[in-house]
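This report refers to the structure that appears directly beneath it.
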Protein chains: 2
Amino acid sequence: MLTEERHRLILDLLAEKKVVKLQELVEATSSSESTIRRDLSQLEKEKKLRRVHGGAALLHQKREELSVLEKSTKNIQEKRMIAQYAARFVQNGDCIYLDAGTTTLEMIPYLNAKDIVVVTNGVTHLEALLEKDIPTYLLGGFIKKKTKALIGRGALNSLENYSFDKCFIGVNGIHLEYGYTTPDPEEAMVKSLAIKLSRQAYVLADHSKMNESTFAKIADLQDATIITDELDNELLELYEAKTAIEVVKK
Amino acid sequence: MLTEERHRLILDLLAEKKVVKLQELVEATSSSESTIRRDLSQLEKEKKLRRVHGGAALLHQKREELSVLEKSTKNIQEKRMIAQYAARFVQNGDCIYLDAGTTTLEMIPYLNAKDIVVVTNGVTHLEALLEKDIPTYLLGGFIKKKTKALIGRGALNSLENYSFDKCFIGVNGIHLEYGYTTPDPEEAMVKSLAIKLSRQAYVLADHSKMNESTFAKIADLQDATIITDELDNELLELYEAKTAIEVVKK
DNA sequence: CAAAAATCAATCAAAAACATTCATTTACAA
DNA sequence: TTGTAAATGAATGTTTTTGATTGATTTTTG
(Lines give C-alpha, C1' and ligand atoms only; values in the text may rest on other atoms or scores of the structure.)
Protein backbone atom coordinates (compact mmCIF):
# COMPACT_ATOMS: atom_id res chain seq x y z
CA MET A 1 0.00 0.00 0.00
CA LEU A 2 1.32 3.41 -0.99
CA THR A 3 2.14 6.04 1.58
CA GLU A 4 -0.25 8.37 -0.12
CA GLU A 5 -3.03 5.82 0.07
CA ARG A 6 -2.38 5.19 3.73
CA HIS A 7 -2.46 8.85 4.59
CA ARG A 8 -5.70 9.24 2.77
CA LEU A 9 -7.21 6.23 4.49
CA ILE A 10 -6.10 7.47 7.87
CA LEU A 11 -7.64 10.87 7.34
CA ASP A 12 -10.84 9.38 6.03
CA LEU A 13 -11.17 7.05 8.97
CA LEU A 14 -10.44 9.92 11.28
CA ALA A 15 -13.02 12.17 9.67
CA GLU A 16 -15.55 9.46 10.16
CA LYS A 17 -14.70 8.46 13.69
CA LYS A 18 -13.26 11.61 15.31
CA VAL A 19 -10.65 9.47 17.04
CA VAL A 20 -8.79 6.41 15.83
CA LYS A 21 -6.62 3.98 17.70
CA LEU A 22 -3.23 3.16 16.35
CA GLN A 23 -4.10 -0.53 16.38
CA GLU A 24 -7.17 0.09 14.27
CA LEU A 25 -5.02 1.79 11.69
CA VAL A 26 -2.50 -1.03 11.75
CA GLU A 27 -5.31 -3.41 11.02
CA ALA A 28 -6.98 -1.24 8.42
CA THR A 29 -3.79 -0.72 6.46
CA SER A 30 -2.05 -4.03 7.09
CA SER A 31 1.16 -2.25 7.91
CA SER A 32 3.33 -2.12 10.99
CA GLU A 33 3.04 0.05 14.06
CA SER A 34 6.22 1.84 13.11
CA THR A 35 4.83 2.85 9.77
CA ILE A 36 1.60 4.14 11.24
CA ARG A 37 3.48 6.07 13.88
CA ARG A 38 5.58 7.70 11.20
CA ASP A 39 2.45 8.49 9.22
CA LEU A 40 0.82 10.05 12.22
CA SER A 41 3.89 12.12 13.01
CA GLN A 42 4.04 13.40 9.48
CA LEU A 43 0.34 14.14 9.27
CA GLU A 44 0.58 15.96 12.55
CA LYS A 45 3.38 18.10 11.17
CA GLU A 46 1.13 18.88 8.24
CA LYS A 47 -1.57 19.93 10.68
CA LYS A 48 -3.95 17.29 9.40
CA LEU A 49 -4.56 15.70 12.74
CA ARG A 50 -3.53 15.65 16.35
CA ARG A 51 -1.69 12.74 17.89
CA VAL A 52 -2.96 11.47 21.20
CA HIS A 53 -1.70 8.64 23.34
CA GLY A 54 -2.82 5.47 21.61
CA GLY A 55 -3.79 7.00 18.30
CA ALA A 56 -4.90 10.24 16.70
CA ALA A 57 -7.75 12.71 16.92
CA LEU A 58 -9.26 15.44 14.84
CA LEU A 59 -7.65 18.82 15.26
CA HIS A 60 -10.65 20.60 16.65
CA GLN A 61 -12.32 18.32 19.06
CA LYS A 62 -14.74 18.77 21.88
CA ARG A 63 -13.70 18.10 25.39
CA GLU A 64 -16.58 15.92 26.45
CA GLU A 65 -14.13 13.36 27.65
CA LEU A 66 -12.38 15.93 29.75
CA SER A 67 -15.50 16.88 31.63
CA VAL A 68 -16.25 13.24 32.20
CA LEU A 69 -12.72 12.80 33.47
CA GLU A 70 -12.91 15.76 35.79
CA LYS A 71 -16.19 14.60 37.15
CA SER A 72 -15.03 11.15 38.00
CA THR A 73 -11.77 11.69 39.82
CA LYS A 74 -13.12 11.84 43.32
CA ASN A 75 -14.45 8.61 44.71
CA ILE A 76 -13.36 6.71 41.71
CA GLN A 77 -10.81 4.46 43.34
CA GLU A 78 -13.32 3.11 45.81
CA LYS A 79 -16.05 2.82 43.23
CA ARG A 80 -13.77 1.06 40.81
CA MET A 81 -12.74 -1.41 43.46
CA ILE A 82 -16.33 -2.23 44.20
CA ALA A 83 -17.16 -2.38 40.53
CA GLN A 84 -14.31 -4.71 39.76
CA TYR A 85 -15.32 -6.99 42.57
CA ALA A 86 -18.91 -7.00 41.42
CA ALA A 87 -17.93 -7.78 37.85
CA ARG A 88 -16.50 -11.11 39.01
CA PHE A 89 -20.00 -12.35 39.73
CA VAL A 90 -20.88 -12.18 36.07
CA GLN A 91 -20.44 -15.58 34.44
CA ASN A 92 -20.34 -16.81 30.87
CA GLY A 93 -23.74 -16.70 29.25
CA ASP A 94 -25.35 -14.46 31.87
CA CYS A 95 -28.08 -11.98 31.10
CA ILE A 96 -27.50 -9.06 33.40
CA TYR A 97 -29.15 -5.76 34.19
CA LEU A 98 -26.88 -2.79 34.81
CA ASP A 99 -28.47 0.10 36.65
CA ALA A 100 -27.59 3.65 35.59
CA GLY A 101 -24.96 5.34 37.72
CA THR A 102 -21.21 5.76 37.96
CA THR A 103 -20.43 2.68 40.02
CA THR A 104 -22.11 0.27 37.63
CA LEU A 105 -20.51 2.17 34.76
CA GLU A 106 -17.13 1.29 36.19
CA MET A 107 -18.01 -2.38 36.04
CA ILE A 108 -18.04 -2.46 32.29
CA PRO A 109 -14.29 -2.57 31.63
CA TYR A 110 -14.13 -5.62 33.89
CA LEU A 111 -16.96 -7.51 32.22
CA ASN A 112 -14.89 -10.22 30.61
CA ALA A 113 -17.29 -13.15 30.75
CA LYS A 114 -18.23 -14.51 27.34
CA ASP A 115 -21.60 -14.49 25.63
CA ILE A 116 -23.18 -12.10 28.07
CA VAL A 117 -26.07 -9.84 27.26
CA VAL A 118 -26.59 -6.56 29.06
CA VAL A 119 -29.76 -4.58 29.60
CA THR A 120 -29.41 -1.10 31.06
CA ASN A 121 -31.29 2.10 31.66
CA GLY A 122 -28.09 4.17 31.61
CA VAL A 123 -27.48 5.97 28.36
CA THR A 124 -23.93 6.78 29.42
CA HIS A 125 -23.22 3.07 29.73
CA LEU A 126 -23.75 2.50 26.05
CA GLU A 127 -20.45 3.70 24.73
CA ALA A 128 -18.41 1.57 27.07
CA LEU A 129 -20.56 -1.49 26.40
CA LEU A 130 -20.34 -1.19 22.64
CA GLU A 131 -16.61 -0.59 22.96
CA LYS A 132 -16.39 -4.04 24.55
CA ASP A 133 -18.63 -5.52 21.86
CA ILE A 134 -21.23 -6.57 24.39
CA PRO A 135 -24.73 -7.00 22.93
CA THR A 136 -26.77 -4.35 24.64
CA TYR A 137 -30.43 -3.56 25.14
CA LEU A 138 -31.59 -0.21 26.35
CA LEU A 139 -34.79 0.36 28.26
CA GLY A 140 -37.17 2.88 26.81
CA GLY A 141 -38.73 5.73 28.70
CA PHE A 142 -38.26 9.30 29.75
CA ILE A 143 -34.74 10.69 29.88
CA LYS A 144 -33.78 12.26 33.16
CA LYS A 145 -31.58 15.11 32.09
CA LYS A 146 -29.20 15.17 35.00
CA THR A 147 -28.24 11.52 35.12
CA LYS A 148 -29.23 10.44 31.61
CA ALA A 149 -31.13 7.57 33.14
CA LEU A 150 -34.29 6.17 31.57
CA ILE A 151 -37.21 6.24 33.96
CA GLY A 152 -40.98 6.32 34.09
CA ARG A 153 -43.71 4.10 32.74
CA GLY A 154 -41.89 3.45 29.50
CA ALA A 155 -38.86 2.15 31.35
CA LEU A 156 -40.99 -0.11 33.55
CA ASN A 157 -42.88 -1.43 30.55
CA SER A 158 -39.65 -2.21 28.74
CA LEU A 159 -38.18 -3.84 31.78
CA GLU A 160 -41.13 -6.17 32.22
CA ASN A 161 -40.21 -7.89 28.99
CA TYR A 162 -36.98 -9.21 30.43
CA SER A 163 -35.70 -11.38 33.22
CA PHE A 164 -32.14 -11.58 34.41
CA ASP A 165 -29.61 -13.92 35.90
CA LYS A 166 -28.14 -11.05 37.86
CA CYS A 167 -28.71 -7.37 38.32
CA PHE A 168 -26.37 -4.71 39.66
CA ILE A 169 -27.99 -1.72 41.29
CA GLY A 170 -26.53 1.49 42.61
CA VAL A 171 -28.21 2.96 45.69
CA ASN A 172 -27.86 6.08 47.79
CA GLY A 173 -28.76 4.63 51.13
CA ILE A 174 -28.45 1.29 52.89
CA HIS A 175 -30.13 1.09 56.24
CA LEU A 176 -30.84 -1.76 58.64
CA GLU A 177 -34.39 -0.66 59.09
CA TYR A 178 -35.32 1.16 55.89
CA GLY A 179 -33.53 -1.09 53.40
CA TYR A 180 -32.23 0.30 50.12
CA THR A 181 -33.20 3.84 49.18
CA THR A 182 -32.58 6.48 46.52
CA PRO A 183 -33.79 10.08 46.25
CA ASP A 184 -35.88 9.83 43.06
CA PRO A 185 -39.06 7.73 43.37
CA GLU A 186 -39.15 7.23 39.59
CA GLU A 187 -35.69 5.75 39.65
CA ALA A 188 -36.56 3.72 42.69
CA MET A 189 -39.40 2.02 40.82
CA VAL A 190 -37.07 0.97 38.03
CA LYS A 191 -34.43 -0.34 40.41
CA SER A 192 -37.05 -2.15 42.40
CA LEU A 193 -38.53 -3.90 39.39
CA ALA A 194 -35.09 -4.88 38.11
CA ILE A 195 -34.39 -6.60 41.43
CA LYS A 196 -37.69 -8.47 41.26
CA LEU A 197 -36.90 -9.69 37.76
CA SER A 198 -33.48 -11.06 38.68
CA ARG A 199 -32.57 -14.45 40.10
CA GLN A 200 -29.83 -12.72 42.07
CA ALA A 201 -29.52 -9.03 42.86
CA TYR A 202 -26.40 -7.09 43.90
CA VAL A 203 -26.46 -3.64 45.42
CA LEU A 204 -23.31 -1.54 44.98
CA ALA A 205 -22.51 1.25 47.41
CA ASP A 206 -19.39 2.72 48.94
CA HIS A 207 -19.12 3.08 52.70
CA SER A 208 -20.53 6.63 52.70
CA LYS A 209 -23.94 5.16 51.86
CA MET A 210 -24.01 2.74 54.78
CA ASN A 211 -26.52 3.48 57.53
CA GLU A 212 -27.97 6.23 55.43
CA SER A 213 -31.46 6.47 54.05
CA THR A 214 -33.01 8.75 51.46
CA PHE A 215 -36.51 9.41 50.23
CA ALA A 216 -37.66 6.51 48.09
CA LYS A 217 -37.44 2.89 49.06
CA ILE A 218 -36.20 0.38 46.52
CA ALA A 219 -36.32 -2.91 48.36
CA ASP A 220 -35.71 -4.66 51.68
CA LEU A 221 -32.22 -5.56 52.74
CA GLN A 222 -32.71 -9.27 52.18
CA ASP A 223 -33.69 -8.77 48.56
CA ALA A 224 -30.09 -8.25 47.45
CA THR A 225 -26.46 -8.95 48.19
CA ILE A 226 -24.57 -5.84 49.32
CA ILE A 227 -21.15 -5.08 47.84
CA THR A 228 -19.31 -2.31 49.66
CA ASP A 229 -15.78 -1.28 50.53
CA GLU A 230 -15.60 -0.69 54.26
CA LEU A 231 -17.55 -1.66 57.33
CA ASP A 232 -16.53 -2.11 60.94
CA ASN A 233 -17.04 -5.57 62.40
CA GLU A 234 -19.86 -4.65 64.70
CA LEU A 235 -22.02 -3.32 61.91
CA LEU A 236 -21.01 -6.13 59.60
CA GLU A 237 -22.47 -8.64 61.99
CA LEU A 238 -25.72 -6.73 62.18
CA TYR A 239 -26.01 -6.65 58.40
CA GLU A 240 -24.97 -10.26 57.98
CA ALA A 241 -27.86 -11.24 60.18
CA LYS A 242 -30.20 -9.81 57.57
CA THR A 243 -28.62 -10.39 54.19
CA ALA A 244 -25.51 -11.46 52.27
CA ILE A 245 -22.81 -8.81 52.23
CA GLU A 246 -19.41 -8.65 50.56
CA VAL A 247 -16.82 -6.22 51.85
CA VAL A 248 -14.10 -5.52 49.32
CA LYS A 249 -10.67 -5.18 50.86
CA LYS A 250 -8.50 -2.30 49.87
CA MET B 1 2.71 1.19 -27.40
CA LEU B 2 2.89 4.84 -28.28
CA THR B 3 4.10 7.36 -25.78
CA GLU B 4 0.94 9.37 -26.21
CA GLU B 5 -1.16 6.30 -25.64
CA ARG B 6 0.69 5.50 -22.47
CA HIS B 7 0.29 8.97 -21.12
CA ARG B 8 -3.40 8.90 -21.77
CA LEU B 9 -3.74 5.51 -20.13
CA ILE B 10 -1.80 6.66 -17.09
CA LEU B 11 -3.93 9.73 -16.64
CA ASP B 12 -7.12 7.75 -17.09
CA LEU B 13 -6.09 5.18 -14.54
CA LEU B 14 -5.12 7.93 -12.19
CA ALA B 15 -8.38 9.78 -12.60
CA GLU B 16 -10.18 6.61 -11.75
CA LYS B 17 -8.10 5.54 -8.78
CA LYS B 18 -6.80 8.81 -7.29
CA VAL B 19 -3.52 7.06 -6.57
CA VAL B 20 -1.72 4.59 -8.79
CA LYS B 21 1.32 2.41 -8.18
CA LEU B 22 4.22 2.34 -10.58
CA GLN B 23 4.03 -1.43 -10.77
CA GLU B 24 0.41 -1.28 -11.79
CA LEU B 25 1.33 1.00 -14.64
CA VAL B 26 4.16 -1.29 -15.70
CA GLU B 27 1.67 -4.12 -15.91
CA ALA B 28 -1.04 -2.10 -17.57
CA THR B 29 1.26 -0.81 -20.29
CA SER B 30 3.61 -3.77 -20.64
CA SER B 31 6.58 -1.46 -20.59
CA SER B 32 9.57 -1.19 -18.32
CA GLU B 33 9.91 0.63 -15.05
CA SER B 34 12.29 3.09 -16.62
CA THR B 35 9.76 4.08 -19.22
CA ILE B 36 7.00 4.61 -16.73
CA ARG B 37 9.33 6.65 -14.54
CA ARG B 38 10.15 8.84 -17.48
CA ASP B 39 6.47 9.20 -18.27
CA LEU B 40 5.69 10.18 -14.74
CA SER B 41 8.50 12.70 -14.64
CA GLN B 42 7.31 14.28 -17.83
CA LEU B 43 3.67 14.34 -16.80
CA GLU B 44 4.68 15.89 -13.55
CA LYS B 45 6.55 18.60 -15.39
CA GLU B 46 3.42 19.21 -17.40
CA LYS B 47 1.48 19.52 -14.15
CA LYS B 48 -0.73 16.63 -15.07
CA LEU B 49 -0.05 14.69 -11.92
CA ARG B 50 2.07 14.51 -8.80
CA ARG B 51 4.72 11.88 -8.30
CA VAL B 52 4.81 10.12 -4.98
CA HIS B 53 7.15 7.45 -3.77
CA GLY B 54 5.94 4.26 -5.41
CA GLY B 55 3.73 5.82 -8.04
CA ALA B 56 1.69 8.92 -8.72
CA ALA B 57 -1.26 10.80 -7.28
CA LEU B 58 -3.72 13.35 -8.50
CA LEU B 59 -2.34 16.84 -8.53
CA HIS B 60 -4.62 18.46 -6.03
CA GLN B 61 -4.77 15.65 -3.60
CA LYS B 62 -4.62 18.21 -0.87
CA ARG B 63 -7.33 20.24 -2.39
CA GLU B 64 -9.21 17.08 -2.94
CA GLU B 65 -8.97 16.16 0.67
CA LEU B 66 -10.40 19.53 1.31
CA SER B 67 -13.02 18.84 -1.25
CA VAL B 68 -13.88 15.67 0.58
CA LEU B 69 -14.31 17.88 3.55
CA GLU B 70 -16.12 20.41 1.45
CA LYS B 71 -18.22 17.67 0.04
CA SER B 72 -19.20 16.36 3.40
CA THR B 73 -19.68 19.90 4.51
CA LYS B 74 -21.78 20.48 1.47
CA ASN B 75 -23.76 17.37 2.18
CA ILE B 76 -24.18 18.58 5.69
CA GLN B 77 -25.36 21.91 4.41
CA GLU B 78 -27.91 20.28 2.16
CA LYS B 79 -29.02 18.10 5.00
CA ARG B 80 -29.14 21.06 7.31
CA MET B 81 -31.22 22.98 4.81
CA ILE B 82 -33.68 20.13 4.59
CA ALA B 83 -33.63 19.75 8.35
CA GLN B 84 -34.26 23.42 8.94
CA TYR B 85 -37.15 23.38 6.52
CA ALA B 86 -38.63 20.31 8.15
CA ALA B 87 -38.32 21.83 11.62
CA ARG B 88 -40.79 24.53 10.60
CA PHE B 89 -43.57 21.98 10.49
CA VAL B 90 -43.27 21.42 14.21
CA GLN B 91 -45.79 23.55 16.09
CA ASN B 92 -46.30 24.49 19.71
CA GLY B 93 -47.51 21.58 21.76
CA ASP B 94 -46.69 18.91 19.20
CA CYS B 95 -45.64 15.42 20.08
CA ILE B 96 -43.16 14.36 17.45
CA TYR B 97 -41.13 11.30 16.60
CA LEU B 98 -37.56 11.84 15.38
CA ASP B 99 -36.04 8.94 13.54
CA ALA B 100 -32.37 8.09 14.13
CA GLY B 101 -29.98 9.44 11.49
CA THR B 102 -27.95 12.49 10.64
CA THR B 103 -30.61 14.49 8.81
CA THR B 104 -33.12 14.35 11.63
CA LEU B 105 -30.29 15.08 14.06
CA GLU B 106 -29.72 18.34 12.25
CA MET B 107 -33.34 19.31 12.89
CA ILE B 108 -32.86 19.60 16.61
CA PRO B 109 -31.15 23.02 16.76
CA TYR B 110 -34.10 24.40 14.79
CA LEU B 111 -36.81 22.96 17.00
CA ASN B 112 -38.00 26.19 18.55
CA ALA B 113 -41.69 25.46 19.03
CA LYS B 114 -42.81 25.53 22.65
CA ASP B 115 -44.04 22.71 24.82
CA ILE B 116 -43.07 20.02 22.40
CA VAL B 117 -42.26 16.46 23.37
CA VAL B 118 -39.90 14.33 21.37
CA VAL B 119 -39.69 10.57 21.08
CA THR B 120 -36.70 9.10 19.27
CA ASN B 121 -34.83 5.87 18.66
CA GLY B 122 -31.54 7.69 18.06
CA VAL B 123 -29.22 7.64 21.01
CA THR B 124 -27.04 10.27 19.39
CA HIS B 125 -30.00 12.65 19.33
CA LEU B 126 -30.20 12.76 23.09
CA GLU B 127 -27.44 15.19 23.83
CA ALA B 128 -28.71 17.80 21.41
CA LEU B 129 -32.28 17.39 22.65
CA LEU B 130 -31.36 17.76 26.31
CA GLU B 131 -29.18 20.71 25.41
CA LYS B 132 -32.31 22.43 24.14
CA ASP B 133 -34.25 21.35 27.23
CA ILE B 134 -36.75 19.41 25.21
CA PRO B 135 -38.51 16.66 27.18
CA THR B 136 -37.40 13.46 25.52
CA TYR B 137 -38.47 9.86 25.50
CA LEU B 138 -36.23 7.16 24.13
CA LEU B 139 -37.47 3.93 22.66
CA GLY B 140 -36.13 0.76 24.21
CA GLY B 141 -34.63 -2.13 22.33
CA PHE B 142 -31.44 -3.50 20.93
CA ILE B 143 -28.64 -1.07 20.16
CA LYS B 144 -27.31 -1.26 16.63
CA LYS B 145 -23.63 -0.63 17.16
CA LYS B 146 -22.90 1.20 13.93
CA THR B 147 -25.67 3.78 13.98
CA LYS B 148 -26.57 3.72 17.67
CA ALA B 149 -30.18 3.30 16.68
CA LEU B 150 -32.61 1.32 18.80
CA ILE B 151 -34.24 -1.47 16.85
CA GLY B 152 -35.94 -4.82 17.26
CA ARG B 153 -38.94 -6.02 19.17
CA GLY B 154 -38.20 -3.82 22.17
CA ALA B 155 -38.22 -0.73 20.01
CA LEU B 156 -41.49 -1.71 18.35
CA ASN B 157 -43.08 -2.48 21.70
CA SER B 158 -42.02 0.87 23.11
CA LEU B 159 -43.21 2.67 20.05
CA GLU B 160 -46.67 1.15 20.25
CA ASN B 161 -47.28 3.03 23.48
CA TYR B 162 -47.17 6.37 21.74
CA SER B 163 -48.89 8.27 19.00
CA PHE B 164 -47.62 11.41 17.35
CA ASP B 165 -48.73 14.62 15.75
CA LYS B 166 -45.86 14.38 13.32
CA CYS B 167 -42.95 12.12 12.61
CA PHE B 168 -39.74 12.82 10.72
CA ILE B 169 -38.11 9.86 9.05
CA GLY B 170 -34.81 9.52 7.24
CA VAL B 171 -34.75 7.11 4.31
CA ASN B 172 -32.15 5.79 1.88
CA GLY B 173 -34.32 5.43 -1.16
CA ILE B 174 -37.37 7.14 -2.62
CA HIS B 175 -38.81 5.48 -5.68
CA LEU B 176 -41.99 6.02 -7.67
CA GLU B 177 -42.74 2.34 -7.73
CA TYR B 178 -41.06 0.94 -4.62
CA GLY B 179 -41.87 3.77 -2.21
CA TYR B 180 -39.58 4.51 0.74
CA THR B 181 -36.78 2.05 1.46
CA THR B 182 -33.78 1.58 3.75
CA PRO B 183 -31.12 -1.15 3.87
CA ASP B 184 -31.84 -2.62 7.30
CA PRO B 185 -35.18 -4.44 7.67
CA GLU B 186 -35.10 -4.01 11.43
CA GLU B 187 -34.83 -0.28 11.04
CA ALA B 188 -37.46 -0.33 8.34
CA MET B 189 -39.97 -1.86 10.73
CA VAL B 190 -39.41 0.88 13.28
CA LYS B 191 -39.69 3.63 10.69
CA SER B 192 -42.79 2.01 9.25
CA LEU B 193 -44.54 1.79 12.59
CA ALA B 194 -43.65 5.37 13.45
CA ILE B 195 -45.32 6.52 10.26
CA LYS B 196 -48.44 4.52 11.07
CA LEU B 197 -48.62 6.07 14.51
CA SER B 198 -48.40 9.64 13.25
CA ARG B 199 -51.16 11.94 12.06
CA GLN B 200 -48.70 13.38 9.58
CA ALA B 201 -45.44 11.84 8.39
CA TYR B 202 -42.46 13.58 6.76
CA VAL B 203 -39.70 11.80 4.93
CA LEU B 204 -36.36 13.62 4.72
CA ALA B 205 -33.90 12.80 1.95
CA ASP B 206 -31.41 14.74 -0.12
CA HIS B 207 -31.57 14.51 -3.89
CA SER B 208 -29.09 11.60 -4.06
CA LYS B 209 -31.80 9.38 -2.60
CA MET B 210 -34.41 10.21 -5.23
CA ASN B 211 -35.29 7.46 -7.67
CA GLU B 212 -33.20 5.04 -5.65
CA SER B 213 -34.38 1.97 -3.83
CA THR B 214 -32.70 -0.25 -1.26
CA PHE B 215 -33.55 -3.54 0.38
CA ALA B 216 -36.28 -3.02 2.91
CA LYS B 217 -39.53 -1.21 2.25
CA ILE B 218 -40.78 1.27 4.81
CA ALA B 219 -44.00 2.58 3.34
CA ASP B 220 -45.74 3.66 0.15
CA LEU B 221 -45.09 7.08 -1.32
CA GLN B 222 -48.50 8.42 -0.35
CA ASP B 223 -47.95 7.61 3.32
CA ALA B 224 -45.69 10.60 3.87
CA THR B 225 -44.76 14.06 2.69
CA ILE B 226 -41.34 14.17 1.02
CA ILE B 227 -38.89 16.93 1.92
CA THR B 228 -35.91 17.09 -0.39
CA ASP B 229 -33.51 19.65 -1.83
CA GLU B 230 -33.46 19.24 -5.58
CA LEU B 231 -35.68 17.74 -8.26
CA ASP B 232 -36.15 18.55 -11.91
CA ASN B 233 -39.61 19.62 -12.96
CA GLU B 234 -40.44 16.53 -14.93
CA LEU B 235 -39.82 14.23 -11.98
CA LEU B 236 -41.49 16.63 -9.61
CA GLU B 237 -44.74 16.31 -11.53
CA LEU B 238 -44.54 12.54 -11.42
CA TYR B 239 -44.04 12.57 -7.68
CA GLU B 240 -46.66 15.21 -7.06
CA ALA B 241 -49.19 12.94 -8.73
CA LYS B 242 -48.60 10.44 -5.96
CA THR B 243 -47.88 12.38 -2.80
CA ALA B 244 -47.12 15.73 -1.22
CA ILE B 245 -43.58 16.87 -1.82
CA GLU B 246 -41.64 19.92 -0.66
CA VAL B 247 -38.52 20.95 -2.51
CA VAL B 248 -36.27 23.21 -0.47
CA LYS B 249 -34.70 25.97 -2.53
CA LYS B 250 -31.01 26.60 -2.33
C1' DC C 1 2.26 4.37 45.55
C1' DA C 2 4.55 0.61 43.03
C1' DA C 3 4.21 -2.99 39.66
C1' DA C 4 2.50 -4.21 35.20
C1' DA C 5 0.94 -3.19 30.76
C1' DA C 6 0.60 -0.37 26.96
C1' DT C 7 2.43 3.02 24.12
C1' DC C 8 6.12 5.59 22.48
C1' DA C 9 10.65 7.37 20.12
C1' DA C 10 14.99 6.06 18.34
C1' DT C 11 17.81 3.04 15.83
C1' DC C 12 19.14 -0.33 12.35
C1' DA C 13 19.27 -3.54 8.61
C1' DA C 14 16.66 -5.27 4.73
C1' DA C 15 13.75 -4.33 0.99
C1' DA C 16 11.69 -1.36 -2.27
C1' DA C 17 11.91 2.49 -5.09
C1' DC C 18 14.74 5.88 -7.09
C1' DA C 19 17.86 8.73 -10.57
C1' DT C 20 21.40 8.12 -13.62
C1' DT C 21 24.00 6.15 -17.13
C1' DC C 22 24.70 3.57 -21.26
C1' DA C 23 24.03 0.37 -24.91
C1' DT C 24 20.41 -1.03 -27.91
C1' DT C 25 16.28 -0.47 -30.50
C1' DT C 26 12.94 2.16 -32.98
C1' DA C 27 11.11 5.97 -35.91
C1' DC C 28 11.61 8.65 -39.58
C1' DA C 29 13.58 11.72 -42.83
C1' DA C 30 17.29 12.27 -46.09
C1' DT D 1 19.51 2.22 -47.32
C1' DT D 2 21.54 5.24 -44.05
C1' DG D 3 22.09 8.75 -40.53
C1' DT D 4 20.17 10.83 -36.64
C1' DA D 5 17.40 11.70 -32.87
C1' DA D 6 14.20 9.89 -29.77
C1' DA D 7 12.73 6.11 -27.04
C1' DT D 8 13.57 2.03 -24.56
C1' DG D 9 15.28 -1.41 -21.15
C1' DA D 10 18.92 -3.07 -18.40
C1' DA D 11 22.53 -2.07 -14.96
C1' DT D 12 24.40 0.74 -11.44
C1' DG D 13 24.80 2.91 -7.07
C1' DT D 14 21.93 5.94 -4.08
C1' DT D 15 17.88 7.23 -1.42
C1' DT D 16 13.54 6.22 0.75
C1' DT D 17 10.56 3.27 3.07
C1' DT D 18 9.68 -0.35 6.05
C1' DG D 19 9.29 -3.58 10.05
C1' DA D 20 11.68 -5.33 13.95
C1' DT D 21 14.08 -4.33 18.19
C1' DT D 22 15.46 -1.73 21.99
C1' DG D 23 14.86 0.90 25.98
C1' DA D 24 12.27 5.02 27.63
C1' DT D 25 7.85 6.96 28.84
C1' DT D 26 3.10 7.01 29.89
C1' DT D 27 -1.09 4.89 31.48
C1' DT D 28 -3.47 1.47 33.88
C1' DT D 29 -3.94 -1.67 37.56
C1' DG D 30 -3.70 -3.65 42.14
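Labels below follow one simple rule: chain letters A, B, ... track the order of the sequence lines, proteins then strands, and each chain is numbered from 1. All values reported here derive from a predicted model rather than from experimental measurement.
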Item to complete: Decide side-chain contact (heavy atoms from CB on, under 4.5 Å) for A:Y239 and A:I226; before the verdict, give the C-alpha distance in whole Å, the side-chain angles of both, and the deciding distance to 0.1 Å.
Response: CA-CA 9 Å; A:Y239 276 102; A:I226 300 171; 4.1 Å; yes
From [atom1] of [X] over to [atom2] of [N], roughly how many Å is that when rounded to an integer?
{"X": "A:H53", "N": "D:dA24", "atom1": "NE2", "atom2": "P", "answer": "17 Å"}
{"X": "A:D39", "N": "C:dC8", "atom1": "CG", "atom2": "C1'", "answer": "15 Å"}
{"X": "B:L2", "N": "D:dA7", "atom1": "CG", "atom2": "P", "answer": "10 Å"}
{"X": "B:R37", "N": "C:dC18", "atom1": "CZ", "atom2": "C1'", "answer": "5 Å"}
{"X": "A:K45", "N": "C:dA9", "atom1": "NZ", "atom2": "P", "answer": "12 Å"}
{"X": "B:E5", "N": "C:dA27", "atom1": "CD", "atom2": "P", "answer": "12 Å"}
{"X": "A:Q23", "N": "C:dA5", "atom1": "CD", "atom2": "P", "answer": "17 Å"}
{"X": "A:M1", "N": "C:dA16", "atom1": "CE", "atom2": "C1'", "answer": "17 Å"}

Which part of the nucleic acid, if any, lies within reach of [X] when heavy atoms closer than 4.0 Å are counted: base, sugar-phosphate only, or nothing?
{"X": "B:S41", "value": "nothing"}
{"X": "B:V52", "value": "sugar-phosphate"}
{"X": "A:E33", "value": "nothing"}

Quick one: is [N] close enough that its OP1 or OP2 comes under 4.0 Å of any side-chain N or O from [X]?
{"X": "B:R6", "N": "D:dT8", "value": "yes"}
{"X": "A:R51", "N": "C:dA9", "value": "yes"}
{"X": "A:Q84", "N": "D:dT29", "value": "no"}
{"X": "A:T35", "N": "D:dG19", "value": "yes"}
{"X": "B:R38", "N": "C:dC18", "value": "no"}

Indicate yes or no for a side-chain donor-acceptor contact from A:N92 to the backbone of A:A113 under 3.5 Å, with no hydrogens or angles considered.
->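 Pair absent, no side-chain N/O of A:N92 close to backbone of A:A113.
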Is it true that A:K196 and A:D223 make a salt bridge, defined as a side-chain N closer than 4.0 Å to a carboxylate O?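 Salt bridge between A:K196 and A:D223, a charged N being under 4.0 Å from a carboxylate O: no.
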What distance do B:D39 atom CG and B:R51 atom CZ have between them, rounded to the nearest 0.5 Å?
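Spacing of CG (B:D39) from CZ (B:R51) equals 10.0 Å.
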Let me know, please, whether A:Y110 or A:S34 comes out on the 5' side of the other along DNA chain D by nearest nucleotide.
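Here A:S34 is the residue nearer the 5' end.
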Q. 5'-most contact on DNA chain D: A:P109 or A:S31, nearest heavy atom basis?
A.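 On the 5' side of the pair lies A:S31.
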Does a donor on one side chain and an acceptor on the other come within less than 3.5 Å for A:Y97 and A:N121?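 Result is yes, a qualifying pair exists.
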